[in-house]
Amino acid sequence: MKTFLRRLMAAPLAVCAVLATAGEPTYTQGVDSFFESGVEAPDRTPTWYASVVAKPHAPVFEVLATRGTQGRYYPYTYPVTLKDIIRWHGHDCEGLTHAANAAHVAFRILFPDGIVDRSVLWGISGESPCWSDAVAFLTGARLQYGNLGFFRDKDYGHAIVLYREDTQVAVLATWKKGINNIPGEPVVLPQAIAWQPRVTMQDVERLKDAVKRAGGEPTPYQVDQMRYQQWSHLNDILSRPLDESYQARVIENFSWADWVDPAKTIAKPHARSDTRLKNHPQRGRPIEGPAPKVF
């Protein structure tokens with residue numbers, strides 16, 4: 001994987017070229033599928049715990065799911081916003097939003113028609129619960145199914161990999177250099193931002209270093225300052241298109257085992273059964289009982 005990282009950093013690739021290699025979706029709206037999307041308004045009303053949801057480029061995901069346990073596909077999609085993810089995770093934080101933003105950029109490659117099918121997705125993240133929760137929420141991947149993993153290489157701690165099993169396409173997504181704020185951790189893709197954040201990463205890193213030197217006992221002022229920097233930084237990012245701050249690439253010849261930490265996997269994962277009947281045939285008529293018994 002280190003070789004893969006060096007190759008990516010040395011040879012930038014245009015986004016349009018990446019999209020061309022990602023393959024077509026396995027279904028095409030209006031041709032062989034007829035899901036009704038956009039029929040529910042996303043919840044973009046700001047609150048004290050999710051104020052960034054109202055920013056102009058806060059991501060909205062149009063999700064396709066199955067109906068109940070071992071049910072067929074719903075004929076409709078539903079919207080997911082940062083507000084939904086925050087409520088599930090338990091609080092708003094910069095990592096959760098960064099991971100969701102990176103996923104949104106990756107999904108544009110994996111699902112060109114804009115509908116995210118949670119039944120075909122696998123995901124890899126770093127150890128941060130902010131990043132792993134965002135990946136789990138958006139993909140439906142779980143440790144017990146063996147389709148949610150953690151990176152083997154620590155350099156990828158603030159990146160994600162999303163894998164679509166039906167097309168066998170994997171995408172690596174992360175932030176661009178210039179909004180990264182983890183001291184000493186590289187940005188694992190080559191692009192950098194072309195805009196100037198109001199809070200520079202040097203400012204963020206200086207504060208984090210000061211807190212670290214304090215042995216994890218920051219002053220009350222530093223706690224408030226850290227929170228304000230995070231809030232200001234996310235508002236800054238979500239005021240412009242996500243492609244200006246995040247980047248994604250298709251991983252050629254992807255192998256799950258090459259990327260995940262085997263020490264953080266379940267040895268005998270459960271077979272996933274909740275989506276196994278998603279394409280099950282319908283009854284012959286809208287009103288039809290079981291076949292009559294033959295005596």
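Computed from a predicted structure; not experimentally measured.
Taking 4.0 Å as the cut-off between side-chain N and carboxylate O, E127 and K264 count as a salt-bridged pair. Looking at D203 and R206, a side-chain N of the basic residue comes within less than 4.0 Å of a carboxylate O on the acidic one, giving a salt bridge. Between K208 and E94 there is a salt bridge, since at least one side-chain N of the basic residue sits less than 4.0 Å from a carboxylate O of the acidic one. The pair R276-D274 fails the salt-bridge criterion, with no side-chain N (NZ, NE, NH1 or NH2) lying under 4.0 Å from an Asp/Glu carboxylate O. The pair R164-D117 fails the salt-bridge criterion, with no side-chain N (NZ, NE, NH1 or NH2) lying under 4.0 Å from an Asp/Glu carboxylate O. With salt bridges taken as basic N to acidic carboxylate O contacts below 4.0 Å, one links D43 and K83.
R152 has its side chain within reach of P262: a pair of non-hydrogen atoms, C-beta onward, lies under 4.5 Å apart. Between R249 and V171, the closest side-chain pair of non-hydrogen atoms is not below 4.5 Å. For the pair R272 and N147, the minimum side-chain heavy-atom distance is below 4.5 Å. Between H233 and V204 the shortest side-chain heavy-atom distance does not fall below 4.5 Å. E217 is not listed as a side-chain neighbour of V211, based on a closest heavy-atom distance of 4.5 Å or more. Residues K278 and V120 meet the side-chain proximity criterion, which asks for heavy atoms closer than 4.5 Å. When side chains are defined from C-beta on, P79 does not count as touching F61, because their heavy atoms never get closer than 4.5 Å. Counting heavy atoms from C-beta on, the side chains of Q144 and P269 never come closer than 4.5 Å.
Counting only N and O atoms by type, the side chains of N101 and Y246 include a donor and acceptor under 3.5 Å apart. For T77 and E62, the side-chain atoms include at least one donor-acceptor pair closer than 3.5 Å.
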Exercise. Taking it one step at a time, do T97 and L82 satisfy side chain to side chain contact (heavy atoms under 4.5 Å, CB included)?
Worked result: CA-CA 7 Å; T97 300; L82 290 175; 4.0 Å; yes
Exercise. Which is it for L162 and I109 under the side chain to side chain contact (heavy atoms under 4.5 Å, CB included) test, yes or no, and what are the steps along the way?
Worked result: CA-CA 10 Å; L162 302 181; I109 299 173; over 6 Å; no
For this session: Might you work through the side chain to side chain contact (heavy atoms under 4.5 Å, CB included) test for W122 and L148, ending with a clear yes or no?
Result: CA-CA 6 Å; W122 298 39; L148 179 66; over 6 Å; no
For this session: With side chain to side chain contact (heavy atoms under 4.5 Å, CB included) as the test, would you mind laying out the steps for R67 and Y73 before giving the verdict?
Result: CA-CA 6 Å; R67 185 176 181 177; Y73 276 123; over 6 Å; no
Exercise. When you look at K176 and Q247, which way does the side-chain hydrogen bond (donor to acceptor under 3.5 Å, both in side chains) test go after all the steps?
Worked result: CA-CA 6 Å; K176 292 184 178 180; Q247 53 189 324; over 6 Å; no
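To the nearest 0.5 Å, the span separating CD1 on I124 from CG on D261 amounts to 10.5 Å. We find the OH-CG distance between Y74 and L64 to be 11.0 Å, quoted to the nearest 0.5 Å. Taking SG of C93 as the start and CG of D133 as the end, the distance is 8.5 Å to the nearest 0.5 Å. The CG atom of D113 lies 8.5 Å from the CZ atom of F111; values are rounded to the nearest 0.5 Å. Between the CG atom in D92 and the CG atom in L96 there is a gap of 8.5 Å [rounded to 0.5 Å]. One finds the CG atom of D84 at 10.0 Å from the CG atom of L138 (value rounded to the nearest 0.5 Å).
Minimum heavy-atom separation, S239 to K55: OG-CE, 3.4 Å. Scanning both residues, L172 and A159, for their nearest heavy atoms gives CD1-CB, 4.0 Å. Between A173 and A106, the closest heavy-atom pair is CB-CB, 3.9 Å. Closest heavy-atom contact between V260 and G149: CG1-CA, 4.1 Å. S132 and G126 get closest at one heavy-atom pair: CB-O, 4.3 Å. Here the closest non-hydrogen pair linking P59 and H104 is CB-CD2, 3.5 Å.
Residues Y49 and H91 place their aromatic rings such that the two centres sit no closer than 6.0 Å. Close placement of the Y156 and W259 rings is indicated, their centers lying within 6.0 Å of each other. Taking the ring centroids of F254 and Y163, they lie under the 6.0 Å cut-off.
Residues L110 and L242 share a hydrophobic cluster, clusters being chains of Ile/Leu/Val/Met/Phe/Trp/Tyr side chains in contact below 4.5 Å. No continuous path of hydrophobic side-chain contacts links V60 to Y78 [ILVMFWY only; heavy atoms under 4.5 Å]. Grouping the Ile, Leu, Val, Met, Phe, Trp and Tyr side chains by contacts below 4.5 angstrom, directly or via other members, places I266 with V135. Linking ILVMFWY side-chain heavy atoms closer than 4.5 Å, directly or via other members, places W48 and L238 in a single hydrophobic cluster. Under a hydrophobic clustering in which Ile, Leu, Val, Met, Phe, Trp and Tyr are joined whenever their side-chain heavy atoms come within less than 4.5 Å, directly or via other members, L207 and V199 fall into different clusters.
Although no hydrogens or angles enter the test, the distance criterion places no donor-acceptor pair under 3.5 Å between the side chain of R72 and the main chain of T66. A donor-acceptor pair is defined here as one N or O able to donate and one able to accept, closer than 3.5 Å; such a pair exists between the side chain of Q222 and the backbone of T219. Using modelled atom types, no side-chain atom of S119 and backbone atom of A65 make a donor-acceptor pair closer than 3.5 Å. Distance alone, capped at 3.5 Å, places no donor-acceptor pair between the S33 side chain and the F35 backbone.
Summarising the local packing, OH of Y221 is surrounded by 12 or fewer heavy atoms from other residues, nucleotides or ligands at distances under 6.0 Å. Annotation: N253, atom CG; neighbour count of heavy atoms from other residues, nucleotides and ligands within 6.0 Å does not exceed 12.
Geometrically, R240 engages W195 in a cation-pi contact, judged by NZ or CZ lying under 6.0 Å from the ring centre and within 45° of the ring axis.
In this structure, F137 and W88 have tilted ring planes: the angle between them lies in the 30° to 60° band. Below 30°, between 30° and 60°, or above 60°: for W231 and Y228 the angle between ring planes is between 30° and 60°, a tilted geometry.
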